[in-house]
Amino acid sequence: MITLIKGFHDILPDDSPRWEFIVRTAAETLRRFGFREMTPPIMERTELFERGIGELTDIVEKEMYTFEDRNGESLTLRPEATAGMLRAVAEHSLLRKEPVLKVFTIGPMFRRERPSKGRFRQFFQVDAEVVGDDSPFTDAEVIAAAHAIMTNIGATGLMMEINSVGCPECRARYRVVLQDFLRAYLTELCDDCRRRYERNPLRALDCKVARCEEIARDAPLILDHLDESCRSHFQAVQDALRMLGIPYRIEPRMVRGLDYYTRTAFEIVHEELGRSKAVGGGGRYDSLLKELGGPDVGGIGFAIGLERLSMGLSDDDPRFTRSIDVYVAALGDRAQPEAFRILDLLRKAGIAADTRYSTKSLKAHLKVADRFRATRVVMLGDNELERNEATIRDMNTKEQFTVRIENIVAFLQGAES
RNA sequence: GAGGGUGUAGCUCAGUUGGCAGAGCACAGGGUUGUGGCCCCUGUGGUCAGGGGUUCGAGUCCCCUCACUCUCCCCA
């Protein structure tokens, strides 16, 4: 048997109603916030991710599905959506038409990591971006949109964590302060943190190794080293969140894995999965679009992992059960062609109808209709056929009606309401 | 990349000191010649992950391989 690629997964028919609900709810919520859908391809030139995400990040260094096209060009399956979204914004000059652009996309991302609970090599994200606006209200609105998606889907046990990583100038100043502090502990830090000491010392703050955590507890915080404009921006974001009633917690040691974030950064954490497997995350990027060849304006965005979001939902929600409107039961070979024709009429009238040709006895037909959760059954046998009629059974009340064949569609539509 | 755990029917899992391959659910048929859900009966379905070894005999003991899964690093 040929099997699934490791870390990939099928969404089976029984899973689809629940999945479709999540995707639809996310899209509806974002449209309510003024976002419009945009769908870039799932494959881009490798250089886009190297430039956009940062060459020194884990994602670009070791997690990308990169391969050579037949003409020798290096292509990569997208590991996240923002780079492709901003590429499209720049390439089509969308900001000339609309100086503040709010867009979202939903689709699969690919990262070649070791799979585990809630972590896959292909996973779906809903990704939203606001480009061309620096207002702290925009930051709060984006966080509110992420929160609304999860509230509307009904996920529980979630927490919004926020931080400010400052503008590039603040960060450069803070980095020196942090390095001064860490220098005394260099021999005690884990290998990774020591390796990153020069290039990216901030990551030590987020390390999960016990000793590193202890050290990080006493480290100076970037929040205490922001300049006036960054500090007032962060304060304004919090004020706006409180106005909206969004529950949040300041996480002063949060550092995100993508290089492009500036100022506001946030994560959505699930109590069961813990902080190392966020359900969603995002932040502001003030120079990314320019880096990708677009105008020099800032933006902010977030991504939510749909599989992880789905884990916060209960399994037996009645919204997710299958159902059709009408089942057509043909009894005997003479009735079958007529039933076949009726089935087609029902479908053309917009009624969700189905049958099973290999089922013969009425008892078996009704069992199938029951399993399909059909609300009504059209029964057609020799008795009915002779009189040009059909029997229609209401599966809930067990009431039965005799209806002339040419009136079946009208009868079913009339009883619809 | 490092370290644990688990592989028996479509699914969830029993399987005793090594002695005929099992249950529940699901599926199909029947109990009712044309009336579902509950109940009862019957049936279909197995390379016991794969390979090798020990043994009269291996699902069970030993070795190897593979797959899945969880934890850590990191991300959604």
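These numbers come from a predicted model, not from an experiment. Protein chains get the first letters and strands the later ones, always in sequence-line order, with residue 1 at the start of each.
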Would you state whether a donor and an acceptor, one from the side chain of A:Glu113 and one from the base of B:A76, lie under 3.5 Å apart? yes
task = Using the C1' atom as the reference point in each nucleotide, state the distance between B:C11 and B:G45 in Å, no decimals.
result = 13 Å
Taken to the nearest whole Å, OH/A:Tyr261 to P/B:A76 is 6 Å
Separation between OH (A:Tyr285) and CG (A:Leu292), nearest 0.5 Å, reads 10.0 Å
#### Entry: Nearest-angstrom distance, C1' atom, B:C13 to B:G19
23 Å
Integer angstrom distance from the P of B:A23 to that of B:U65:
36 Å
At under 4.0 Å, does any side-chain N or O of A:Arg373 touch on OP1 or OP2 of B:G36?
no
Residues A:Arg341, A:Glu338: salt bridge by 4.0 Å N-O rule = yes
pair_partner(B:G37), Watson-Crick or wobble, both distances < 3.5 Å, evaluates to none
Atom CD1 of A:Ile59 and atom P of B:G1 are separated, to the nearest Å, by 18 Å
Rounded to the nearest 0.5 angstrom, the CG-CD1 distance for A:Leu412 and A:Ile392 is 4.5 Å
Worksheet entry | Separation of the P atoms in B:U69 and B:U12, to the nearest angstrom | 12 Å
- Query: If the P atom of B:C56 is compared with that of B:G18, how far apart are they to the nearest Å?
  - Reply: 15 Å
Applying the 3.5 Å cut-off to both distances, the Watson-Crick or G-U partner of B:G24 turns out to be B:C11
- request: Give A:Arg356 one of three labels, base, sugar-phosphate or nothing, depending on what nucleic acid heavy atoms sit under 4.0 Å from its own.
  value: sugar-phosphate
- Query: Could you go step by step and tell me if A:Asp134 and A:Asp286 meet the side-chain contact (heavy atoms from CB on, under 4.5 Å) rule?
  - Reply: CA-CA 8 Å; A:Asp134 292 333; A:Asp286 285 334; 4.0 Å; yes
Item checked: Integer angstrom distance from the P of B:C40 to that of B:C66 -> 47 Å
Partner of B:C74 under the Watson-Crick or G-U wobble criteria, both distances under 3.5 Å, comes out as none
Output for pair (A:Ile405 CD1, A:Asn388 CG), nearest 0.5 Å, gives 4.5 Å
Sugar-phosphate, base or nothing in reach of A:Glu307, heavy atoms under 4.0 Å
nothing
Review point. Counting any heavy atom closer than 4.0 Å, what does A:Leu331 reach on the DNA or RNA strands: base, sugar-phosphate only, or nothing?
Key: base
Is the shortest heavy-atom distance from the side chain of A:Ile106 to the side chain of A:Leu306 under 4.5 Å? yes
Rounded to whole Å, the NZ-C1' distance (A:Lys363 to B:C38) equals 12 Å
To the nearest angstrom, the NE2-P distance between A:His365 and B:G36 comes to 14 Å
Separation between CD (A:Gln400) and CE (A:Met379), nearest 0.5 Å, reads 4.0 Å
* Please check the phosphate of B:G36 (OP1 and OP2 only) for any side-chain N or O of A:Arg376 closer than 4.0 Å. => no
- prompt: A:Phe120 near the nucleic acid: base, sugar-phosphate alone, or nothing, with a heavy-atom cut-off under 4.0 Å?
  reply: base
Closest to the 5' end of RNA chain B, once A:Lys62 and A:Ala303 are matched to their nearest nucleotides, is A:Lys62
To the nearest 0.5 Å, atom CE of A:Met43 lies from atom CG of A:Asp69 at 6.5 Å
From NZ of A:Lys117 across to P of B:C73 the rounded distance in Å is 17 Å
By the Watson-Crick or G-U definition, both distances under 3.5 Å, B:U32 is matched with none
| message | Can you tell me whether the side chain of A:Lys367 and the base of B:G29 have a donor-acceptor pair closer than 3.5 Å? | response | no
dist A:Arg263:CZ -> A:Cys167:SG (nearest 0.5 Å) comes out at 6.0 Å
_Given the structure, check if the side chain of A:Arg393 and the base of B:G36 hold any donor-acceptor pair shorter than 3.5 Å._
yes
Any strand, both distances under 3.5 Å, Watson-Crick or G-U wobble: B:U55 pairs with none
Whether over 12 other heavy atoms sit under 6.0 Å from A:Arg373 CZ
no
Among B:A76, B:G34, B:U71, the one nearest any side-chain atom of A:Ser116 is B:U71
Do the side-chain N or O atoms of A:Lys6 get closer than 4.0 angstrom to the phosphate oxygens (OP1, OP2) of B:C68?
-> yes
In A:Val89, A:Leu94, A:Leu95, the residue satisfying side-chain contact (heavy atoms from CB on, under 4.5 Å) with A:His92 is A:Leu94
### Query
Can you find a donor-acceptor pair, distance only, under 3.5 Å between A:Lys398 side chain and B:G37 base?
yes
Any strand, both distances under 3.5 Å, Watson-Crick or G-U wobble: B:A67 pairs with B:U6
Here the distance between atom P of B:C74 and atom CE of A:Met254, to the nearest Å, is 14 Å
Taking any heavy-atom pair under 4.0 Å as a contact, classify A:Met109: base, sugar-phosphate, or nothing. nothing
If I pick the P atom on B:C39 and the same atom on B:A26, what distance separates them, to the nearest angstrom? 9 Å
Enumerate the protein-to-nucleotides 2-11 of chain B contacts in which both atoms are nitrogen or oxygen and the separation is below 3.5 Å.
residue: B:G3; atom: O6; partner: A:Arg114; partner atom: NH2; Å: 3.3

The answer to which of A:Asp382 and A:Gly281 contacts RNA chain B further toward the 5' end, by nearest nucleotide, is A:Asp382
> Is any N or O donor-acceptor pair between the side chain of A:Glu384 and the base of B:G34 shorter than 3.5 Å?
Replying inline: yes
**Prompt:** Between B:A9 and B:G24, how far is it from one C1' atom to the other, in whole Å?
**Reply:** 12 Å
From CZ of A:Arg387 across to C1' of B:G34 the rounded distance in Å is 13 Å
From CG of A:Asp370 across to C1' of B:C39 the rounded distance in Å is 15 Å
